[in-house]
Amino acid sequence: MNLKHEKHMRSEIANKTYLTSGWGYVAAVALLPYAILKSLWAWGSTIGLTTEQAVQDVARFSDTLKEGSAFLYTLYTNGIDFTAILAILASLFALALVSSWGERLPNWLLIISGWSVGVLTVLISILTALQFSGVFSKGYAEGLAIWVYVVTYGGLFLWGVTVFMATLSFQHRIKNKQSRGGNK
């Protein structure tokens, strides 16, 4: 009887389309346009910059970094923006949630990280949307094409939501494997 119940539960979970590993793959690519854009700026490109002031601000960014961390300054002067590295690490994290190699990591670490960074990124994205709708003060936001905001905050929002879903999928997949007597 127990085996029949477990088989029923596995098939019930398998029928839930929201529990697909596809969420992790979407999350893995969601921030890559951002990483590319930030890298282009570090290489001196002005794509997405609509005013001379914005071009100057991006050009002076390496001077700002020079006053801080030597490591970040060295990266940036070699065309590598640190936030682009973080975006790539976020993509690898998303892949860990859907890949067999990710299952070798501590489950609790992936689950806690998935839920917490998912919440944080969605909240940041919602707050940014509220700024653009006029609920909160925007601060300085001139000089960037609107698509830059779509790439940055839209990608962040998409990543946050899809990491939520990938984490949920990961939890169900691990639970299913454990109920079958699998690993861990």
- Task: Just do the side-chain hydrogen bond (donor to acceptor under 3.5 Å, both in side chains) check on Tyr149 and Thr128 with the steps written out, would you?
- Result: CA-CA 9 Å; Tyr149 294 102; Thr128 302; over 6 Å; no
- Item | Validation row, ring centre Phe61 to ring centre Tyr76 under 6.0 Å | yes
- So, Trp43 side chain and Gly79 main chain: donor-acceptor pair closer than 3.5 Å or not? yes
- Please check if the side chain of Ser113 supplies one atom and the backbone of Leu110 the other of a donor-acceptor pair under 3.5 Å. no
- Task: Would you check if Leu168 and Trp23 make a side-chain contact, meaning some heavy-atom pair closer than 4.5 Å?
- Result: no
- With hydrophobic residues grouped by side-chain heavy-atom distances under 4.5 Å, do Leu89 and Ile112 end up in a single group? no
- Sidechain-backbone polar pair: Ser99 side chain, Gly102 backbone, donor-acceptor under 3.5 Å: no
- Message: Rounded to the nearest 0.5 Å, what separates atom CG in Leu72 from atom CD1 in Ile80?
- Response: 11.5 Å
- Query: Taking a hydrophobic cluster as the set of Ile, Leu, Val, Met, Phe, Trp and Tyr residues connected by side-chain heavy atoms closer than 4.5 Å, whether directly or through intermediates, do Leu97 and Ile174 fall within one such cluster?
  - Reply: yes
- Query: Is there side-chain contact between Gln131 and Val135, with heavy atoms separated by less than 4.5 Å?
  - Reply: no
- Got a donor-acceptor contact below 3.5 angstrom from the Asn78 side chain to the Thr74 backbone? yes
- Honestly curious: do Leu158 and Val150 fall in one hydrophobic cluster under the side-chain, below-4.5 Å linking rule? no
- So, Ser69 side chain and Leu65 main chain: donor-acceptor pair closer than 3.5 Å or not? no
- Heavy atoms, side chains only, cut-off 4.5 Å: are Trp147 and Ile47 in contact? yes
- Task: Look at the side chain of Ser21 and the backbone N and O of Val98, then say whether any donor-acceptor pair between them is shorter than 3.5 Å.
- Result: no
- Query: Out of curiosity, Tyr153 OH to Ile124 CD1, how far, rounded to the nearest 0.5 Å?
  - Reply: 8.0 Å
- Determine the interplanar angle of the Phe164 and Trp115 rings, folded into 0 to 90°, and report it as parallel if under 30°, tilted if 30 to 60°, perpendicular if over 60°. tilted
- Query: Does any N or O in the side chain of Ser169 come within less than 3.5 Å of the main-chain N or O of Met165, such that one atom is a donor and the other an acceptor?
  - Reply: no
- Would Ile88 end up clustered with Ile36 when hydrophobic side chains under 4.5 Å apart are linked, directly or stepwise? no
- Item | CZ-CG distance between Arg173 and Asn107, expressed to the nearest 0.5 angstrom | 9.5 Å
- Is it true that Asp57 and Arg60 make a salt bridge, defined as a side-chain N closer than 4.0 Å to a carboxylate O? yes
- Query: Ala54 and Leu49: which non-hydrogen atoms are nearest, and at how many Å?
  - Reply: O-CD1, 4.0 Å
- Task: Rounded to the nearest 0.5 Å, what's the gap from CZ on Phe170 to CG on Leu105? Could you check?
- Result: 7.5 Å
- Atom OG in Ser91, atom CG in Leu86: separation rounded to 0.5 Å? 11.0 Å
- Message: Please give me the minimum heavy-atom distance between Ala35 and Ala87, naming the atom from each residue.
- Response: CB-CB, 4.0 Å
- Query: Do the side chains of Ile146 and Leu37 join up, straight or via other hydrophobic residues, at under 4.5 Å, putting them in one cluster?
  - Reply: yes
- More than 12 heavy atoms of other groups within 6.0 Å of Trp101 CH2: yes
- Measure the CD1-CG distance between Ile85 and Leu75 for me, rounded to the nearest 0.5 Å. 4.5 Å
- Task: Begin with the C-alpha distance, continue with both residues' side-chain angles, and end with the deciding distance and a verdict on side-chain contact (heavy atoms from CB on, under 4.5 Å) for Val26 and Trp159.
- Result: CA-CA 8 Å; Val26 172; Trp159 185 85; over 6 Å; no
- Item | Between Tyr34 and Thr83: side-chain donor-acceptor atoms closer than 3.5 Å | yes
- Task: Check for a donor-acceptor pair, side chain of Ser125 on one end and backbone N or O of Thr121 on the other, with a separation under 3.5 Å.
- Result: yes
- Task: Determine whether Val163 and Phe93 make a side-chain contact, defined as any pair of heavy atoms from C-beta on separated by less than 4.5 Å.
- Result: yes
- Asp81 versus Trp41: any side-chain heavy-atom pair under 4.5 Å? no
- Item | Audit row: Val151, Val148, side-chain contact (heavy atoms from CB on, under 4.5 Å) steps and yes/no | CA-CA 5 Å; Val151 165; Val148 172; 5.8 Å; no
